Structure formats: C-alpha cells, structure tokens
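As a basis for the values below, the full set of heavy atoms in this structure was taken, side chains included, without hydrogen atoms, waters or symmetry mates. In this text the structure is predicted, and so the values were computed from the model without any measurement. Chain letters run A, B, ... following the sequence lines, proteins first and then strands; every chain starts at 1.
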Amino acid sequence: MIETNNNEEGKKSLNFIEVIVEKDLAEGKNNNQIQTRFPPEPNGYLHIGHAKAICIDFGIAQKYNGICNLRFDDTNPVKEDVEYVDSIMEDIQWLGYKWGNVYYASDYFPQLWEFALQLIREGKAYIDEQSSEEIAKQKGTPTQPGLDSPYRNRPIEENLDLFERMNKGEFEEGRMVLRAKIDMASSNMHFRDPIIYRIIKHPHHRTGTAWKAYPMYDFAHGESDYFEGVTHSICTLEFEVHRPLYDWFIDQLKINKPEDGSYRPRQIEFNRLNLTYTVMSKRKLLQLVQEKLVNGWDDPRMPTICGYRRRGYTPSSIHNFIDKIGYTKYDGIIDVALLEHAVREDLNMKAKRVSAVLDPVKLILTNYPEGKVEMMEAVNNPEDESMGNHDIAFTRELYIEREDFMEDAPKKFFRMTPGQEVRLKNAYIIKCTGCKKDNEGNITEIYAEYDPETRSGMPESNRKVKGTLHWVSVEHSITAEVRLYDRLFMTENPGDEKEKDFRELLNPDSLRVLTGCRLEMELKNAKPYDNFQFQRIGYFNIDPDSTADKLIFNRTVPLKDSWSKIKDKE
RNA sequence: UGUCCCAUGGUGUAAUGGUAGCACAUCUGAUUUUGGUUCAGCUUGCCUAGGUUCGAAUCCUGGUGGGACAACCA
C-alpha cells in the first residue's frame, strides 16, 4: 500500500489527472472501467523521472480499482535489448508495484499490419519512395505548409504490393516508407502525412528477423492502447501535439469495429520531472555508461532507480518525494533538496546510528589507564527506542574527526580546542590539554584528560557541555572505504547548458573516495544495502560490491549541517 | 510569422467565483549526549492590462513571458 499525505480534513486534493478520471467515471465512460499502462521503450534503465510516470500509471489504477499493465514499446529494434526489459521489471517491483499483464508492442505487429493494410485499401496511406531528406524538405516548417509527395496518389494495388515487398526484405533501409495520407498543409506538423512504417533490417530482440517493416511510435502507441483496452493513456507533455494524431488513428481503427461501441482510450499529458543539477536524459545517461564515465547504469551517482537503490534510497522515500511534487502541466524544475529531504525524512526513522570517523586523527586520554576497555552503551536510534542499543569499546587511544579539533577556534566552535570541555558521545566529558605536530605543522596527536565522574548515565554527566564528538577506539576499529558523492552531479542545471557539452559540466567532485576511514566494529557484519547514519556526518549504506576484506560505503545523502553554514559566514 | 500547452513566494504545489494555504529552501528562537531530529516563529507570491460580477488566482479578451512541434526515435 502506498502512503499519501493527507491534509487536515483527511482528504488529499486531487491532481488534475484524478479529476479527469473521476469525471469520466461519473459520466459512465468505458463501462466504468479504468485501465492504464506503463509503456517504456526497453532502450535504457529507468530513472527517477520514470518513477514519476510509474507512480501515476500504477497509482491511478490502484486508486480506482483498475489495472495497470506493463507494455514494452519495442518498435525500434536498433535501440532495444532484453537487458533493459529485465531491469525495468526489477525496478518497478522494487518500487512496490504489480502489473496486471506484461505486453509488448511487438505482439501487435500482425494487427498493426492489418490496420496499415486497411488504411491503404481506404486510400489513406501510400508508399513514398523519396529519401528522408526529400520528405523532410517537403514537410515545410511549423509556419509554412508542406507540399504533396509525387507518390501521394499511387494506385492502391501498387501500394499494397510495395508494402508487402517492403516487409519481405526486397528493399534496402531508407528505400521507401509507408505514410498516412492526411494533410500536408495542416498546422500540426504531425498531420503532414506522417510516416507510419519504415524498413529496419536489424534483428528484433523478440521477433528476430520475421519483420523488415516496423511501425512508428505514432502508429503503434495509441493502437496498442486500443487493442489492450486502455482507458487513460497517461504520458508526458511533449506528446501533447501528438494527441490529435493519436485520436485520428483511433477514429480510423474504430471504423470497422462497431462492436467496440463507445470505448475509446484517452491520452492525458503531465509535466515531466526535471531536477536541478541532474542529468536526466536517457541519451546522455547512455553516453555516460558507454563512455565509461560511470561504472554502469547502477553507479551510485546515476539518477537511475537502480543507482539510487544502490546508494541507499528507499522505495518509500521516492514515493514520498513523488507525492510532494505532484502532477501538473507546468514545466518547471524541482530542487534536488526536496528529494534529499524525502530521503532524510525516511532514513531518520529507519537508519541505525553508528560511529564512523572519516578523516581520523588520534586522541589520547592521558589520565585513562592503559589497557583498560569499557563498553559504552549506544542508542541505535533516538527516534525509535524499539531499535535497542549496542555497545562500543572505549579505550585510552581513540580516533576523532580531524576537523573536530582546532588550535585557534572561533567563538562559535563548540568542538575540541585547548582548554574547552567537550563530550565524547556515549562516554565521558573530556578537556583538551594540547596536541603534537610534525615538522610541517600537521597535527598528529591530540591530548585530553577525561573526568571519571561524567560517564554517560552518571549524575555528573548532566553537566552542560556544548559540543558532542563521535569517536572510535583505535584498537577496536575497522577500516573501510567510503564514497562521498557530491550532491550536485552537474555544475549547471540541465537546459542552461546551451551548446556546451554536458560532460564538461559534470562536477569533478562527484565521486570522492575516502580510504582508511575508521569505523566501529559493529559494522563488520553489516549487509549490502543496510542503511546507517554516521553520527553527525550523513546517511550511508553498504555497497553490494563490499567484501569481508573491503567494506565500501556509499553516502546516501549528507546530514543537514548548520556548522558548515556558520563556518562559511566567518 | 503558424498550431498546441503553460503562468500562484527562491523552488514545487493547493485553493475551481467568497479570508491565498502547504512542503522544501532561507532566517530567528527553544529543546537536544548527533551543530542531526523535534518544536515555535519570521520573511517572501496570484505575469500584465482591460472586461464580466456584489465579489476574480479562478470566467472572457488583448498583451508579455516560457515550453512543445519541422527524427525513417519513443
């Protein structure tokens, strides 16, 4: 069950798509049936933008007791592959949805072929032997009408013959196409005799070499909807101009099907998801993968669903995000902060708190006995007591974060500086006494004295101390590799890039790997995808490529850090 | 010199003819053994000009601004 945010009255206001659906139901359209479809082309992995489409396609069906089918729009064998089919199914399921049936547009090739024959016989389609350049030239421009093709009035028998031979492989690719005969002067470019079949000799991932002529999107999509009984065909805004053509083909299809009565699929368009600083175009993502700028579609930096999954995002965080942004017809750009907030909101309740030191420096408690080990109790999650506690070993020599010590600290620095008291989380209050540096002035060791009366739980521990530091025991810690992902994937927003190559805009800091990070022992047995909050640092999860010898953590999202803001101001 | 779509704080989104609300972001304060969380609060908005109406973010018209459309891609 998918959660939705409700307002005070307990009713969530409907988005415009739900309004349309409810109106159609109220009017008794399509026998009060609701059927949707999610129609990806299997030419790449799903990204966060697809998640938005998935949520509305499946969500509408779920909400109005209808069904949503998965349909692969596989009408262009050149770009498609079964690898993508598998990944798409996996990602939809991970998001928590179940489809009614799995269909393929390629299953409809015979029906589409028959439909094309119908159009030819009715004098509504013809074989054009011009080159693509000639056809493009004749098409005119948005402001100038097009011109008729010299082949436009070819006899029907000739059209039928050539169409048949097109599919037998008698002609080379590009030699001829089948076009619908509509209106070369239409103000809608898509009505200027759109191409509906072209020759492709590349084998298809499902039908092999059975076909040589393949239908175009416009000729396959609406028709597939119609064959399946789709009532609401929800897609993104750029298909708005296609809708009249969608309707035109449906009209033609209905001519010989009186038995279908008033049934008619309806296309509805919503705004595509754009995220600040995030590459979302499938073409560019494919380029990143092919040029090995990332380590595959599931690289944790990728905005793909599997990339986010690997990076520790949860399905519910994605649902909550999609729920926050809504569906409209306004083409805007969403701040990634909204997505990251949804992730933090979810992980705050679920992630176990652990101690990890990313940039370690040694802290020696000079008055703590050598060899002594105390087990300190740490709460697993202050938001959820039922998650229990775990113990962390405390010793004389600890690691703390290098940036948690400053010799000459500004006023608002609440961490360790000579003479100032700080609390070691879950342990003692300590007071810094000094530090040791190497020849270059780098701090190598920090010294402090602990107050034995201030161990957590003791009355003296209630003393007010501004700063609380996380730490791990030198002796009891383990080493790991931690990948820090910069939250900004690009240095500019997509769309602002103009003519620049988007690859040059990729933030070089996108991936920073820190090796030698010191973590508490607790993490030794963590499993892939387990989520943790590194105290005061951020949310991290275990990368599936981790081994017993090498633990790799991905930063899911950084913690909100108000200290860095204070620091920037000074 | 076209057709279609869109316009509410910085960002996104509600209000569908009757008090412009919510979230994120920002800032301030309180609590806090995470500079996290939580809580309280501040600041910021109906593109514009007319019209209809007792009353317009909402309906109409004209501007302005943005987007989509000229792939044998989907």
Side-chain angles (χ1 to χ4, degrees), chain A residues 5 7-8 12-15 19 39-41 43 73-76 78-80 105 128 131-132 135-137 139-146 173-179 186-192 195-200 214 216-218 220-221 235 237-244 269 271 276 282-283 324-335 337-342 344-345 348-349 353 355 378-379 381-383 412-415 423-427 429 454 456-457 461-462 465-470 533-539 559-567:
Chain A
N5 290 337
N7 65 16
E8 295 167 324
K12 185 178 157 58
S13 58
L14 302 179
N15 65 45
V19 170
E41 182 187 15
N43 68 346
D73 243 335
D74 55 350
T75 56
N76 184 1
V78 179
K79 294 163 70 181
E80 296 150 10
D128 196 334
S131 68
S132 60
I135 291 176
K137 211 171 162 186
K139 207 148 197 174
T141 69
T143 54
Q144 287 173 320
E173 290 186 13
R175 176 72 182 74
M176 58 185 66
V177 292
L178 182 69
R179 300 176 73 181
S186 171
S187 54
N188 184 335
M189 297 295 288
H190 296 280
F191 271 64
R192 322 247 259 232
I195 292 167
I196 56 179
Y197 264 91
R198 78 294 209 188
I199 301 168
I200 298 176
Y214 289 89
M216 298 279 290
Y217 166 85
D218 281 312
H221 198 94
C235 61
L237 240 31
E238 68 268 27
F239 292 103
E240 226 159 10
V241 259
H242 292 248
R243 189 177 353 121
E269 311 88 9
N271 59 341
T276 53
K282 237 189 202 178
R283 201 198 84 237
K324 284 174 206 288
I325 62 175
Y327 295 84
T328 67
K329 290 171 93 75
Y330 178 72
D331 198 13
I333 182 161
I334 305 226
D335 196 331
L338 199 54
L339 172 61
E340 297 196 338
H341 172 263
R344 284 194 205 98
E345 191 179 38
N348 180 45
M349 300 303 293
R353 270 57 168 173
S355 297
V379 171
N381 188 335
E383 310 299 319
K412 288 195 170 177
F413 186 76
F414 302 146
R415 308 181 196 178
R423 186 190 305 278
L424 293 178
K425 176 96 179 163
N426 305 312
I429 294 173
T454 58
S456 292
S461 71
N462 292 330
V465 177
K466 269 283 193 181
T468 303
L469 269 43
H470 56 274
Q533 186 195 95
F534 288 1
Q535 211 80 240
R536 271 197 32 235
I537 301 174
Y539 293 98
L559 223 52
K560 272 199 192 172
D561 177 14
S562 39
W563 161 243
S564 65
K565 285 173 202 158
I566 295 166
K567 201 165 49 176

Practice task
Report which part of the nucleic acid A:Asn462 touches: base, sugar-phosphate, or nothing (heavy-atom distance under 4.0 Å, all strands).
Solution key: nothing

Handout entry: Sugar-phosphate only, base, or nothing, as touched by A:Thr276 at under 4.0 Å among non-hydrogen atoms
Key = nothing

Practice task
Under 4.0 Å between any heavy atoms, over every strand shown, what does A:Asp335 touch: base, sugar-phosphate, or nothing? Just pick one.
Solution key: sugar-phosphate

Practice task
Output, in order, the C-alpha distance, side-chain angles, deciding distance and verdict of side-chain hydrogen bond (donor to acceptor under 3.5 Å, both in side chains) for A:Asn271 and A:Thr328.
Solution key: CA-CA 6 Å; A:Asn271 59 341; A:Thr328 67; 3.2 Å; yes

Exercise for the section: Please work out if A:Ser132 contacts a base, only the sugar-phosphate, or nothing of the nucleic acid, heavy-atom cut-off 4.0 Å. Expected result: base

Exercise for the section: Taking atom P in both B:C47 and B:G10, compute the distance separating them and give it to the nearest angstrom. Expected result: 12 Å

Problem - Gap in Å between the two C1' atoms, one belonging to B:U13 and one to B:C72, rounded - result: 41 Å

Exercise for the section: In whole angstrom, give me the gap between the C1' atoms of B:U11 and B:U43. Expected result: 16 Å

Fill in the blank from the handout: Result for 5'-nearest mapping on RNA chain B, choosing between A:Ala136 and A:Leu338, is A:Leu338

Problem - Sugar-phosphate, base or nothing in reach of A:Arg415, heavy atoms under 4.0 Å - result: base

Practice task
State which residues pass side chain to side chain donor-acceptor pair (under 3.5 Å) with A:Lys139; sequence neighbours excluded, sorted by chain then number.
Solution key: none

Practice task
Tell me, please, which residues at least two apart from A:His470 pass ring pair (Phe, Tyr, Trp, His ring centres under 6.0 Å).
Solution key: none

Handout entry: Interatomic distance at P, B:U28 relative to B:C69, whole Å
Key = 44 Å

Practice task
Would you indicate what A:Pro40 reaches in the nucleic acid, counting non-hydrogen atoms under 4.0 angstrom: base, sugar-phosphate, or nothing?
Solution key: nothing

Handout entry: Shortest non-hydrogen contact between A:Gln533 and A:Leu559, atoms and distance
Key = NE2-CD1, 3.6 Å

Problem - 5′-ward residue of the pair A:Met189/A:Phe239 relative to RNA chain B - result: A:Met189

Practice task
Have a look at A:Lys425 and say if it touches a base, only the backbone sugar-phosphate, or nothing, with a 4.0 Å heavy-atom cut-off.
Solution key: base

Problem - Nearest-Å distance once atom C1' is located in both B:A25 and B:U16 - result: 29 Å

Practice task
Go through the structure and list residues passing salt bridge (Lys or Arg N to Asp or Glu O under 4.0 Å) with A:Arg353, not counting sequence neighbours.
Solution key: none

Practice task
Determine the contact category for A:Ser186: base if any of its heavy atoms lies under 4.0 Å from a base atom, sugar-phosphate if only primed atoms, P, OP1 or OP2 are that close, otherwise nothing.
Solution key: nothing

Handout entry: Contacts of A:Lys329 that satisfy salt bridge (Lys or Arg N to Asp or Glu O under 4.0 Å) - sequence neighbours left out
Key = A:Glu240, A:Glu269

Exercise for the section: Please work out the stems of RNA chain B from pairs that are Watson-Crick or G-U wobble with both distances under 3.5 Å, keeping only runs of three or more consecutive pairs. Expected result: B:2-7 with B:64-69, B:10-13 with B:21-24, B:27-30 with B:38-41, B:47-51 with B:59-63

Practice task
Shoot me the first and last contacting nucleotide of RNA chain B against chain A, ordered 5' to 3', at under 4.0 angstrom to non-hydrogen atoms.
Solution key: B:G2 to B:A74

Problem - Whole-Å C1' distance, B:G9 and B:A14 - result: 14 Å

Practice task
For A:Ser562, answer base if it contacts any base atom (sugar-phosphate contacts may also be present), sugar-phosphate if it contacts only those atoms, and nothing otherwise; contact means non-hydrogen atoms under 4.0 Å.
Solution key: sugar-phosphate

Problem - Those residues that, when tested against A:His190, pass ring pair (Phe, Tyr, Trp, His ring centres under 6.0 Å) (two or more places apart) - result: A:His242

Handout entry: Rounded distance in Å between the P positions of B:C4 and B:C46
Key = 29 Å

Problem - Touch class at under 4.0 angstrom, heavy-atom based, for A:Leu469 against every strand present - result: nothing

Exercise for the section: Under 4.0 Å between any heavy atoms, over every strand shown, what does A:Gln533 touch: base, sugar-phosphate, or nothing? Just pick one. Expected result: base

Practice task
Give one of base, sugar-phosphate or nothing for A:Phe414, where a contact means two heavy atoms less than 4.0 Å apart.
Solution key: base

Practice task
Kindly write out the residues that satisfy salt bridge (Lys or Arg N to Asp or Glu O under 4.0 Å) with A:Asp128, not counting sequence neighbours, or none if the list is empty.
Solution key: A:Arg179

Handout entry: Sugar-phosphate, base or nothing in reach of A:Glu383, heavy atoms under 4.0 Å
Key = base

Exercise for the section: For A:Gln535, report the nucleic acid contact type (base, sugar-phosphate, nothing); a contact means any heavy atom under 4.0 Å. Expected result: base

Problem - Span that lies between the C1' atom of B:U58 and that of B:A68, in whole angstrom - result: 25 Å

Practice task
Output yes when a side-chain donor or acceptor of A:Ser186 lies under 3.5 Å from a complementary backbone atom of A:Phe191, and no otherwise.
Solution key: no

Exercise for the section: List in chain and number order the residues that pass ring pair (Phe, Tyr, Trp, His ring centres under 6.0 Å) with A:Tyr539, two or more places apart in sequence or in another chain; answer none if no residue qualifies. Expected result: none

Handout entry: Shortest non-hydrogen contact from A:Arg198 toward A:Thr75
Key = NH1-O, 3.3 Å

